[in-house]
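A short write-up of the structure that comes next.
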Amino acid sequence: MPAFYQKVYRLLKKVPAGKVTTYKALAHTLGIRAYQAIGQAMRNNPYAPRIPCHRVIKSDGTLGGFMGKTRGPAIEKKKKMLEKEGIKFAGDKVQNFPKTLHKFNNNT
DNA sequence: AGAGCACTGATCC
DNA sequence: GGATCAGTGCTCT
């Protein structure tokens, strides 16, 4: 797979449970501004269960879209799953978003 | 070479 | 405040 994907997955695996990250953060950590490229990596997601793609949300605090549908029943399940991890939601958004947001470490 | 993407920021209304 | 347009960088066909 492309090195770019590996970077995304590796960073994503660094995200602990009970926390989430955003496409913007991932892209910025990778040193790019193409947030959409992150989405493509998620869509491929060869490590589905290993890669917590559901922990990746939009910078707005909303989950955005996961299963190809921006608003579907699937995303609601993901939301519940995140809640079980300790993440709280304020309606359709994440509570304590900046606190729930995981920060990546540039120095590896 | 061309189109696309699970986004984001800016502009228009 | 909500919806649409444009931009972005990388990938696939």
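Throughout, a chain's letter reflects where its sequence line sits, starting with A, and its residues are numbered from 1.
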Neighbour count >12 (heavy atoms, 6.0 Å) for atom NZ, A:K7: no
Members of residues 82-96 of chain A that approach DNA chain C, where some heavy atom sits under 4.0 Å away: none
Reported [atom1]-to-[atom2] distance for the pair [X] and [Y], which is rounded to 0.5 angstrom:
X     : Y      : atom1 : atom2 : answer
A:K78 : A:M81  : NZ    : CE    : 4.5 Å
A:K24 : A:L101 : NZ    : CG    : 10.5 Å
A:R55 : A:T22  : CZ    : OG1   : 15.0 Å

Qualifying residues under side chain to side chain contact (heavy atoms under 4.5 Å, CB included), relative to A:N96, sequence neighbours excluded: A:K99, A:T100
Over all atoms of both residues, closest heavy-atom pair of A:D92 and A:L63: O-CD1, 4.1 Å
Closest non-hydrogen atom pair, A:F97 against A:K58: CZ-O, 3.7 Å
Side chain proximity check, A:T21 to A:I57, heavy atoms < 4.5 angstrom: no
Check: A:V56 and A:L26 side chains under 4.5 Å, non-hydrogen atoms: yes
Donor-acceptor under 3.5 Å (A:K79 side chain, A:G91 main chain): yes
Under 4.0 Å protein heavy-atom contacts per nucleotide of nucleotides 8-13 of chain B, with B for base, S for backbone only and - for none: SS----
Worked check of side chain to side chain contact (heavy atoms under 4.5 Å, CB included) between A:K88 and A:E83: CA-CA 5 Å; A:K88 293 175 183 141; A:E83 286 186 294; 5.8 Å; no
Along DNA chain C, first and last positions that approach a heavy atom of chain A under 4.0 Å: C:dG7 to C:dT11
Sugar-phosphate only, base, or nothing, as touched by A:R43 at under 4.0 Å among non-hydrogen atoms: base
Note: A:K19-A:E85 ion pair, threshold 4.0 Å (strictly below): no
N/O donor-acceptor pairs under 3.5 Å from side chains in residues 30-52 of chain A, not counting sequence neighbours:
unit_1, atom_1, unit_2, atom_2, d
A:N44, ND2, A:Y5, OH, 3.0
A:N44, ND2, A:Q40, O, 2.6

Secondary-structure notation, DNA chain C, from Watson-Crick and G-U pairs under 3.5 angstrom (| other strand): |||||||.|||||
5' precedence on DNA chain C between A:I38 and A:N44 (nearest-nucleotide basis): A:I38
